[in-house]
Amino acid sequence: QVQLVESGGGSVQAGGSLRLSCEASGLRFRDYHMAWFRQVPDKEREGVAIIKYGSRDIEYSDSAKGRFTIYRDDAKNTVYLQMNSLKDDDTAMYYCAAEVRFSRWPGLDPRRFSNWGQGTQVTVSS
């Protein structure tokens, strides 16, 4: 059974930084693309960043480019999202997602991910 557990969320002032972590179990981590999504109430889930298995490729949303960095440690079964220069608009629940590399490349489309964590809340205040 695949489990994804996010941590590292919290409250921070605008301009600050947070690092989110997502520890995976129940899967062969190195064979999975890993991604971060976020969602605010009454809005669709939005892709933030994705890292291909083996760190072969990385993709960011326009809002994340230049401020966020996704990386993974396959030895620890963990994917991270370093978020810098946080803005009020970054306030959301952040979710980790995993999709096996044998599937069609999911990009930042949440419909193409089969495995999800419970989320960690990020609140940015000015």
Side-chain angles (χ1 to χ4, degrees):
Q1 181 180 357
V2 175
Q3 280 197 316
L4 303 175
V5 180
E6 302 96 334
S7 61
S11 297
V12 64
Q13 289 197 326
S17 297
L18 281 175
R19 188 182 78 160
L20 306 183
S21 301
C22 171
E23 185 172 0
S25 60
L27 52 74
R28 185 178 167 89
F29 186 76
R30 65 184 65 187
D31 283 337
Y32 280 74
H33 309 309
M34 300 298 297
W36 287 96
F37 291 81
R38 66 187 184 186
Q39 190 170 22
V40 297
D42 300 325
K43 287 195 174 180
E44 292 187 354
R45 195 162 292 190
E46 172 193 15
V48 176
I50 181 172
I51 183 165
K52 202 168 188 177
Y53 79 97
S55 300
R56 294 166 184 256
D57 197 11
I58 290 173
E59 184 178 327
Y60 294 100
S61 67
D62 288 343
S63 62
K65 284 177 187 173
R67 299 188 301 126
F68 295 180
T69 302
I70 186 171
Y71 60 101
R72 61 192 293 161
D73 185 339
D74 287 357
K76 295 183 178 180
N77 285 4
T78 301
V79 62
Y80 303 92
L81 184 69
Q82 177 66 45
M83 305 187 295
N84 299 328
S85 303
L86 283 161
K87 306 174 182 178
D88 292 0
D89 288 349
D90 294 319
T91 295
M93 184 71 79
Y94 283 72
Y95 297 90
C96 174
E99 184 60 27
V100 71
R101 67 182 180 94
F102 306 109
S103 301
R104 180 182 177 186
W105 171 245
L108 292 175
D109 186 345
R111 298 168 298 180
R112 295 182 179 169
F113 282 84
S114 303
N115 304 285
W116 292 89
Q118 293 300 307
T120 185
Q121 177 68 37
V122 171
T123 302
V124 184
S125 58
S126 54

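Note that this is a predicted model, so its numbers are computed, not measured.
- In this structure, Phe37 has its ring center no closer than 6.0 Å to that of Tyr95.
- Glu46 places a side-chain heavy atom less than 4.5 Å from the side chain of Ser63.
- In the model, Arg38 has no side-chain atom that pairs as donor or acceptor with a side-chain atom of Ser61 under 3.5 Å.
- Taking 4.5 Å as the limit, some side-chain heavy atom of Tyr80 sits within range of a side-chain heavy atom of Arg19.
- Lys65 and Asp62 get closest at one heavy-atom pair: NZ-OD1, 3.3 Å.
- Leu27 is connected to Val100 through a chain of hydrophobic side-chain contacts under 4.5 Å among Ile, Leu, Val, Met, Phe, Trp and Tyr, so both are in one cluster.
- Gly26 and Val2 make their closest contact through O-CG2, 3.7 Å (heavy atoms, listed as atom of the first residue, atom of the second, distance).
- Residues passing the side chain to side chain contact (heavy atoms under 4.5 Å, CB included) test with Val124, sequence neighbours excluded: Val12, Ala14, Leu86, Asp88, Asp90, Thr91, Val122.
- Atom NE2 of residue His33 and atom NZ of residue Lys52 lie 6.0 Å apart, to the nearest 0.5 angstrom.
- Once rounded to the nearest 0.5 Å, the distance linking OG1 of Thr123 with CE of Met93 reads 8.5 Å.
- For Asp109 and Arg111, the salt-bridge test passes: some basic side-chain N is under 4.0 Å from an acidic carboxylate O.
- Across every non-hydrogen atom of Ile51 and Tyr71, the tightest pair is CD1-CA, 3.8 Å.
- Applying the disulfide (SG to SG under 2.5 Å) test to residues at least two apart or on different chains, the pairs with a partner in residues 2-103 are Cys22-Cys96.
- Of all heavy-atom pairs between Ala92 and Gln121, the closest is O-NE2, 3.4 Å.
- For the 3.5 Å distance criterion, the side chains of Glu99 and Ser114 qualify, holding a donor opposite an acceptor.
- Using a 4.5 Å heavy-atom cutoff, the side chains of Glu59 and Trp105 are in contact.
- Interatomic distance, CZ of Phe113 versus OH of Tyr32, reported as 12.0 Å (0.5 Å rounding).
- A cation-pi contact, defined as under 6.0 Å to the ring centre and within 45° of the axis, links Arg72 to Phe29.
- Between the side chain of Arg67 and the backbone N or O of Ser85, at least one donor-acceptor pair lies under 3.5 Å.
- A distance of 8.5 Å separates OG in Ser25 from CD in Gln1, rounded to the nearest 0.5 Å.
- Linking ILVMFWY residues whenever their side-chain heavy atoms come closer than 4.5 Å, directly or via other members, places Ile58 and Leu81 in the same cluster.
- Residue Ile50 holds its CD1 atom at 13.5 Å from CH2 of Trp36, rounded to the nearest 0.5 Å.
- Using a 4.5 Å heavy-atom cutoff, the side chains of Met83 and Leu20 are in contact.
- Closest of all the heavy-atom pairs between Ser21 and Thr78 is CB-CG2, 4.3 Å.
- Although no hydrogens or angles enter the test, the distance criterion places a donor-acceptor pair under 3.5 Å between the side chain of Tyr60 and the main chain of Ile70.
- Atom-to-atom distance recorded for Leu18:CG and Thr120:OG1 is 8.5 Å, nearest 0.5 angstrom.
- A disulfide (SG to SG under 2.5 Å) check over residues 23-74, counting only residues at least two apart or in different chains, returns nothing.
- The main-chain N or O of Val5 is never found under 3.5 Å from a side-chain atom of Gln118 such that the two would form a donor-acceptor pair.
- Hydrophobic clustering keeps Trp116 apart from Tyr94 (ILVMFWY residues linked when any side-chain heavy atoms are closer than 4.5 Å, directly or through intermediates).
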